[in-house]
Amino acid sequence: MSEKKMTSSRRHHLKSLVLQVAANWLEQEKKELVAAKEAYMSENCPAPDMSGDQAALMETCKKLYALIDKIDEDRYDLEAKVGKADKEIQDLKIKVVDLQGVKKPALKKVRMSADAMLKALLGSKHTVNMDLRANLKQVKKEVKEESTEAVGDWRKNIEDKADRKKMFESS
């Protein structure tokens, strides 16, 4: 029992040492990043010369504004390129998914009686009745009596239909 406690406390101690080392590395990386930023700024952006008369300062301000405008234009162009590339990547991803298609899983055969299937669909509250004809309405068939007069002269029926046809053609 005491061996387990020693190993778990040793693990805990080792874990805390690893976390301390990692924290030190992160702190060191932050310091290096700040130093790199300062070196870049001092190299590429020297401090403006504030000595001189008002005209010289105005000229310096105009140069700074021109640089700012140029940088903003470059930033805008780069943002547009990145947006276009992102959209193209998204379209290509959609095409890849369309080409692969959706994989349908293979269905397993399940043996289930019709009663069990209806119970599963309708739930246990409903009673299942396989005699589906029992719930249907009784309908009486009406017998049509054809008039013998309509059967009489077939030429007359054809002439009536021809008159109807002319009526539709004329309109």
Within 6.0 angstrom of Glu32 CD, more than 12 heavy atoms from elsewhere: yes

Hey, is CD on Glu79 packed in by over 12 heavy atoms from elsewhere, all under 6.0 Å? yes

In Å and rounded to the nearest 0.5 Å, what is the [atom1] to [atom2] distance from [X] to [Y]?
X	Y	atom1	atom2	result
Lys31	Gln28	NZ	CD	8.0 Å
Asp91	Asp86	CG	CG	11.0 Å
Thr7	Leu14	OG1	CG	11.0 Å
Glu38	Glu43	CD	CD	14.0 Å
Glu73	Tyr76	CD	OH	11.0 Å
Leu64	Leu57	CG	CG	10.5 Å

Using the side chain to side chain contact (heavy atoms under 4.5 Å, CB included) rule, take Leu67 and Lys63 through it: C-alpha gap first, then chi angles, then the decisive distance, then the call. CA-CA 6 Å; Leu67 284 173; Lys63 286 180 184 177; 5.6 Å; no

Considering residues at least two apart in sequence or located in another chain, which fulfil the side-chain contact (heavy atoms from CB on, under 4.5 Å) criterion with Asp53? Ala55, Ala56

Just to verify, what does Lys93 make a side-chain contact (heavy atoms from CB on, under 4.5 Å) with, not counting sequence neighbours? Ile89, Gln90

When you check the gap from the basic side-chain N to the acidic O, do Asp72 and Arg75 get nearer than 4.0 Å? yes

Tell me, do Val96 and Gln100 make a side-chain contact under 4.5 Å, heavy atoms counted? yes

A side-chain contact here means heavy atoms from C-beta on lying under 4.5 Å apart; do Met58 and Cys61 qualify? no

Between Ser42 and Ala39, which heavy-atom pair has the shortest distance, and what is it? OG-O, 2.9 Å

